[in-house]
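Everything on this sheet refers to the single structure shown next.
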2 protein chains.
Amino acid sequence: MNRLSILNTDLKSLGLKATPQRLAILEFLHGNTSHPTAEAVYQALKPRYPSLSLATVYNTLEALQKAGKVVEITINPLRRHFDPDTGFHHHFFCRSCQGITDLEGDPAFLPRAEIPAGFKLEEVIIHYYGLCPGCQKKL
Amino acid sequence: MNRLSILNTDLKSLGLKATPQRLAILEFLHGNTSHPTAEAVYQALKPRYPSLSLATVYNTLEALQKAGKVVEITINPLRRHFDPDTGFHHHFFCRSCQGITDLEGDPAFLPRAEIPAGFKLEEVIIHYYGLCPGCQKKL
DNA sequence: TTGGATGCAAAAGATTTGCACTCCC
DNA sequence: GGGAGTGCAAATCTTTTGCATCCAA
């Protein structure tokens, strides 16, 4: 079974039709640590899939997000990034180049004690802001 | 010395001209825990300051942010919220009503060990996502 | 007086929507 | 064949920008 067959099966098991566009997006995201925006996914795939539309990318990303295959990262105030790595980890945001870097995280270390009664906690997100190694040299 | 005189002095000490618009925005933000967007600030003040423009609100919020008087909250993927409380605390974001609630935080509890060498860490942000008490009842 | 600040309108970006057409199942 | 998915263009929403005018210092 090759890569595309696996992705095909993945989509179907999620109740999603396995269209060429979705397969292409899934394949592009697989193992991708660049935390792309919808626009970045679009630009990356457009050369090989000229008919791909940005709306489809948004639709697919939302479908994959609902299916738990992709996570949205709210770390850059100006745009939404997406991460195919749904495992527990954190992100470092470089305020200069706006790049996002994965950081390892320890699930046991999550502070949750201070949530007042009545709130239903679903997720704790830890973001790190600063300068990446490359940008420090430049400044 | 009344409230406005204080705010006036505040602005001047920050190197900012004390215009009526800025005084109004500063006064509106003082002690405000609603985490307003620029649009919300604009709508709140427009009745009393009909000539106020949204661009001025954005300008002022950015100036106050640079001056350390206001903090930007990147927690809602669709818009930017602002917080006049610059003390250490966290935020809870309700995924249903999109409301933001302040949470107490312990600065001593910040995880920073896992930052790789070469990165310059400036800030650690912890966000809590889930449902607020009101929205839980409705659902 | 004068440079920073304002207001307006237009522009720029990001994301969503409406709808006819397509093609996966 | 039916309905979910696609592509396109237009619309929407948030934020930024250009510029002439204004006003706080």
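Lettering of chains follows the sequences in order, A, B, ..., and the numbering in each one begins at 1.
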- [ ] Any chance you could list the contact pattern along nucleotides 17-25 of chain C? Use B for base contacts, S for sugar-phosphate-only contacts and - for none, protein heavy atoms under 4.0 Å, 5' to 3'.
- [x] B------BS

Task: First and last nucleotide of DNA chain D, 5' to 3', lying under 4.0 Å from heavy atoms of chain A - done: dG3(D) to dC8(D)

- [ ] Could you tell me which non-hydrogen atom of C94(B) sits nearest to which non-hydrogen atom of C132(B), and how far apart they are?
- [x] SG-N, 3.4 Å

Task: Polar side-chain atom of R3(B) near backbone of E27(B) as donor-acceptor pair, under 3.5 Å - done: no

Side-chain donor-acceptor distances from residues 118-126 of chain B under 3.5 Å, at least two apart:
{"from": "E122(B)", "atom 1": "OE1", "to": "R95(A)", "atom 2": "NH1", "distance (Å)": "2.9"}
{"from": "E123(B)", "atom 1": "OE1", "to": "R95(A)", "atom 2": "NH2", "distance (Å)": "2.4"}

Open item on the list: What's the separation between atom CG in L131(A) and atom NZ in K138(A), rounded to the nearest 0.5 Å?
Closed with: 11.0 Å

Open item on the list: Has H91(A) got a side-chain atom pairing as donor or acceptor with I100(A)'s backbone, closer than 3.5 angstrom?
Closed with: no

Task: Distance in angstrom units between R79(A) CZ and dT16(C) P, rounded - done: 15 Å

Open item on the list: Rounded to the nearest 0.5 Å, what separates atom CZ in R80(A) from atom CD1 in I73(A)?
Closed with: 12.0 Å

- [ ] Scan residues 33-51 of chain A against DNA chain C and write down, sorted by residue number, each residue with any heavy atom closer than 4.0 Å; if none is found, say none.
- [x] none

Open item on the list: Using five pairs at each end of the helix from dT1(C)-dA25(D) to dC25(C)-dG1(D) to define an axis, what is the angle between those two axes, to 10°?
Closed with: 30°

Task: OP1 or OP2 of dC8(C) under 4.0 Å from side-chain N/O of S53(B) - done: no

Task: CG on D106(A) to NE2 on H89(A), rounded to 0.5 Å - done: 14.5 Å

TODO: Write down the distance between CD (E72(A)) and P (dA14(C)), rounded to a whole number of angstrom.
DONE: 15 Å

TODO: Have a look at L52(A) and say if it touches a base, only the backbone sugar-phosphate, or nothing, with a 4.0 Å heavy-atom cut-off.
DONE: sugar-phosphate

Open item on the list: side chain to side chain contact (heavy atoms under 4.5 Å, CB included), that's the test. Do H127(B) and F93(B) meet it? Break it down for me.
Closed with: CA-CA 7 Å; H127(B) 287 161; F93(B) 181 75; over 6 Å; no

Task: No-hydrogen, no-angle side-chain donor-acceptor test under 3.5 Å, S5(B) and N2(B) - done: yes

Open item on the list: Can a donor-acceptor pair be found, under 3.5 Å and without considering hydrogens, that links the side chain of H81(B) to the backbone of H35(B)?
Closed with: yes

Task: Separation of dG4(C) C1' from E62(B) CD (nearest whole Å) - done: 15 Å

TODO: Give me the other members of the hydrophobic cluster that Y42(B) sits in, counting Ile, Leu, Val, Met, Phe, Trp and Tyr linked by side-chain heavy atoms under 4.5 Å, directly or via other members.
DONE: L4(B), L7(B), L11(B), L14(B), L16(B), L23(B), I25(B), L26(B), F28(B), L29(B), V41(B), L45(B), Y49(B), L52(B), L54(B), V57(B), Y58(B), L61(B), L64(B), V70(B), F82(B)

Open item on the list: Assigning hydrophobic clusters by single linkage (Ile, Leu, Val, Met, Phe, Trp, Tyr; side-chain heavy-atom cutoff under 4.5 Å), is F88(A) placed with I75(A)?
Closed with: no

TODO: Using only side-chain N and O atoms of Y58(A), determine if any of them is under 4.0 Å from OP1 or OP2 of dT15(C).
DONE: yes

TODO: Spell out, as yes or no, whether a donor-acceptor pair under 3.5 Å connects the side chain of R22(B) to the backbone of K17(B).
DONE: yes

